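Since the structure comes first, as structure tokens, the remarks are kept for the end.
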Protein chains: 2
Amino acid sequence: MAGIKDVAAHAGVSVATVSRVLNDSPKVSQEARTKVHAAVEALRYRPNAVARSLRTEATHTLGLIIGDILNPFFAVLARAVEDEARAAGYTVVIGNADERPEQQDHYVRTLLEHRVDGLLICPTAEITPLVEDCVEAGGPLVFLDRTLPGLNVPSVRADGTRAIHELVEHIRDLGHRRIAFISGPELLSTGRERTQAFLDAMRANGLEAREEYVEAGDFQEASGRGIAARFLDLPEPPEVIFAGDNLMALGALDEIRARGLRIPDDVALASFDDVAWFVHVDPPITAIAQPAEELGRRAVRALLERIQHRPVESVVLPARLVIRRSCGETETR
Amino acid sequence: MAGIKDVAAHAGVSVATVSRVLNDSPKVSQEARTKVHAAVEALRYRPNAVARSLRTEATHTLGLIIGDILNPFFAVLARAVEDEARAAGYTVVIGNADERPEQQDHYVRTLLEHRVDGLLICPTAEITPLVEDCVEAGGPLVFLDRTLPGLNVPSVRADGTRAIHELVEHIRDLGHRRIAFISGPELLSTGRERTQAFLDAMRANGLEAREEYVEAGDFQEASGRGIAARFLDLPEPPEVIFAGDNLMALGALDEIRARGLRIPDDVALASFDDVAWFVHVDPPITAIAQPAEELGRRAVRALLERIQHRPVESVVLPARLVIRRSCGETETR
DNA sequence: TCCGTTCGTGTAATCGTTTCCATATGCTGC
DNA sequence: GCAGCATATGGAAACGATTACACGAACGGA
């Protein structure tokens with residue numbers, strides 16, 4: 001493949017000049033400019049980003065480590081991150097941690113070795129030595145969707161506390177009392193926060209949060225199904241199942257359907273995370289929607305700031321309740 | 001950040017020796033080995049993949065350009081590609097063409113400049129000069145899911161012909177005659193093939209394929225909705241709507257629901273592409289499932305072969321019909 | 001004792017860029 | 001006619017790794 005030297009030879013100038021026109025430095029004659037462009041064209045020259053990065057210490061690449069690409073929430077997050085990064089002239093390399101700490105580590109190692117200019121991480125449960133190194137080394141890093149306790153790293157995430165309160169209130173207004181919650185992993189900030197918000201909301205609405213009505217899953221479909229099954233097997237099963245993310249809601253839905261139960265008459269269902277197809281199931285599922293695109297965009301903006309060594313604040317965006325029919329019809333309707 | 005020189009100094013050996021232990025070359029003493037490892041540990045040294053790539057002419061990186069990350073089909077494709085690549089020691093950079101040729105071009109340019117070792121492309125409609133260059137230059141390239149006519153590039157894709165025949169047969173057995181097809185872009189191989197298969201299947205089953213019952217969308221939700229609306233507005237609307245991909249099926253579903261029509265009594269629905277939530281809508285949607293994971297895995301295997309300059313054959317895997325209830329109940333049930 | 005191997009190591013060239021510095025050229029103003 | 005300056009250009013040194021090559025030491029067999 002043609003290199004910059006070939007271009008220089010073909011154009012009859014030095015490599016320095018070629019480099020200058022390619023980076024459109026002002027100090028180059030119009031004549032040289034045209035000759036170089038012609039040569040580039042003729043030789044189908046493509047600058048070698050590897051060599052460039054070596055010299056400039058910048059790859060114009062961002063790393064993004066997400067929990068699970070098959071989870072629609074992360075898919076829209078990834079999409080938004082990519083769009084915003086592209087607009088700023090950056091390429092993003094996505095790593096799929098699959099919610100496994102060792103795979104997350106694999107990707108931070110790989111991305112660090114590839115010398116990405118900055119790293120966006122949706123941290124999995126554990127705080128691994130590697131990410132610790134990473135923050136110590138002070139490489140540009142921002143957490144997305146989730147945070148890790150005790151680490152001084154800016155984060156961009158949604159807060160569902162208010163929406164969860166509204167949801168519990170909505171459910172109570174519908175006349176239900178026994179609400180069960182399929183929570184996320186205790187180690188994940190999102191898991192903890194949602195559980196806490198749920199418990200608070202129950203109390204605030206004068207509802208009893210029974211211990212057997214709260215169980216932690218792992219944000220994957222199978223765990224949602226298993227936990228829903230256990231809830232339903234209880235001597236006094238809940239009237240409502242609230243799933244901590246869309247995948248676990250899918251699992252719960254599976255289990256409810258498999259038992260031939262009707263929603264919301266036999267058991268009602270609600271979910272954290274809103275996804276496109278929720279409106280298409282029968283009945284449409286009441287859910288809490290996170291501003292995923294906005295989170296993605298804000299995260300890369302924050303990261304770019306950090307890359308330029310500007311201080312950045314964490315950002316927290318509110319999630320919002322979208323009421324559909326899976327918990328029952330409201331009276332006014 | 002510590003470089004190989006620092007490690008060498010700290011260990012009291014030359015950079016060559018450090019490099020040798022890092023690449024575990026056999027010709028190095030046990031003593032040097034331990035000293036180097038200690039130094040690596042102490043300095044938290046991370047090899048610079050950029051420099052390494054410059055020297056070795058290999059990035060151990062694969063590029064993947066997909067149509068739309070928000071389309072679950074591409075999401076599972078991407079996931080499978082990433083898994084298989086990681087197992088082989090490669091990182092993959094995903095480019096989201098968003099079905100736009102210019103954005104596809106943006107990514108092939110970027111990935112080429114980053115000197116990826118190989119490229120996996122799900123080509124959008126047009127055959128752009130850039131991908132043409134790409135095949136001429138002979139860089140390792142394989143098409144995934146779709147092909148481009150007249151280009152000698154190996155491809156890995158699914159063939160739905162057989163499944164479409166079975167679907168039309170199934171629908172006919174249910175007593176329907178008027179089937180409409182929301183086709184994909186004529187310029188996409190997947191679009192063309194599915195349309196052709198549909199037309200053939202109609203003929204083979206003695207059904208009339210009316211011209212007004214076939215219209216091409218762009219594989220996105222909105223077009224599915226619009227076309228479904230036009231079908232439903234026809235003086236004699238179809239009894240069945242068959243969508244050429246899952247997003248257009250979603251659009252059609254929207255439109256059907258918006259009109260308060262019941263499935264399958266007022267109008268039946270079927271889709272190419274099977275996605276997880278199809279089983280959860282009411283009624284569950286009959287669909288043609290593509291072996292997406294398998295496609296992804298086979299594609300990277302093929303690409304790795306090409307990278308090693310071994311000849312590869314195109315692979316075609318059959319899609320399969322999964323009958324649910326959106327076209328009506330079968331008599332035997 | 002000496003030659004030929006083997007083994008471990010170090011020196012230095014190299015990959016394709018960017019960029020600092022020096023230099024050549026032409027022009028202005030005295 | 002020449003100092004002073006701006007402008008365009010080229011030469012060459014980085015960047016951080018890999019690796020061909022050479023070299024010295026140790027060792028065995030003659």
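First the proteins, then the strands, lettered A, B, ... as listed; each starts at 1. These numbers come from a predicted model, not from an experiment. Just the heavy atoms: all of them, side chains too, but no hydrogens, waters or symmetry mates, feed the values below.
- Within the 4.5 Å cutoff, the side chain of A:Phe219 has no heavy atoms near those of the A:Asn71 side chain.
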Polar atom pairs between nucleotides 17-19 of chain D and protein, under 3.5 Å, N or O only, would you list them?
residue: D:dA17; atom: OP1; partner: B:Tyr45; partner atom: OH; Å: 2.7
residue: D:dA17; atom: OP1; partner: B:Asn48; partner atom: N; Å: 3.1
residue: D:dA17; atom: OP2; partner: B:Ile4; partner atom: N; Å: 2.3
residue: D:dA17; atom: O5'; partner: B:Tyr45; partner atom: OH; Å: 3.3
residue: D:dT18; atom: OP1; partner: B:Asn23; partner atom: OD1; Å: 3.4
residue: D:dT18; atom: OP1; partner: B:Asn23; partner atom: ND2; Å: 3.2
residue: D:dT18; atom: OP1; partner: B:Arg52; partner atom: NH1; Å: 2.8
residue: D:dT18; atom: OP2; partner: B:Ser19; partner atom: OG; Å: 2.5
residue: D:dT18; atom: OP2; partner: B:Asn23; partner atom: ND2; Å: 3.4
residue: D:dT18; atom: O2; partner: B:Arg55; partner atom: NH1; Å: 2.3

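- Taking the charged nitrogens against the carboxylate oxygens, B:Asp68 and A:Arg79 do have a contact shorter than 4.0 Å, which makes a salt bridge.
- Between A:Ser53 and C:dT17 there is no side-chain polar atom (N or O) within less than 4.0 angstrom of OP1 or OP2.
- Taking each heavy atom of B:Arg192 and B:Pro149 in turn, the nearest pair found is NH2-CD, 4.4 Å.
- If you measure from atom NZ of A:Lys35 to atom P of D:dT9, you get 8 Å, rounded to the nearest angstrom.
- B:Gln30 places its CD atom 16 Å from the C1' atom of C:dT9, with the value rounded to the nearest Å.
- Regarding B:Arg33, its CZ atom lies at a distance of 9 Å from the P atom of C:dG8, rounded to whole Å.
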Checking side chain to side chain contact (heavy atoms under 4.5 Å, CB included) for the pair A:Leu144/A:Val81: CA distance, chi angles, key distance, verdict?
CA-CA 10 Å; A:Leu144 181 48; A:Val81 165; 4.2 Å; yes
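- Between A:Arg44 and B:Glu132, no side-chain nitrogen of the basic residue sits less than 4.0 Å from a carboxylate oxygen of the acidic one, so the salt-bridge criterion is not met.
- When heavy atoms are screened at a 4.0 angstrom cut-off, A:Ala32 is found touching the sugar-phosphate backbone but no base atom.
- With rounding to whole Å, B:Lys27 atom NZ is found 12 Å from D:dA20 atom P.
- To the nearest 0.5 Å, atom CD of residue B:Glu82 and atom CD1 of residue B:Ile94 are 5.5 Å apart.
- A salt bridge does not link B:Arg297 with B:Glu293: none of the charged nitrogens is closer than 4.0 Å to a carboxylate oxygen.
- Atom-to-atom, CG of A:Leu54 to P of C:dT19 comes out at 12 Å; the value is rounded to the nearest Å.
- Salt bridge status for B:Arg146 with B:Glu99: present, with a side-chain N to carboxylate O gap under 4.0 Å.
- Across all strands, A:Val13 comes closer than 4.0 Å only to sugar-phosphate atoms, never to a base (heavy-atom distances).
- Residues passing the side chain to side chain contact (heavy atoms under 4.5 Å, CB included) test with B:Glu305, sequence neighbours excluded: B:Arg310, B:Val312.
- Across the helix from C:dT1-D:dA30 to C:dC30-D:dG1, the helix axis at one end is tilted relative to the axis at the other end by 60° (nearest 10 degrees, each axis from five pairs).
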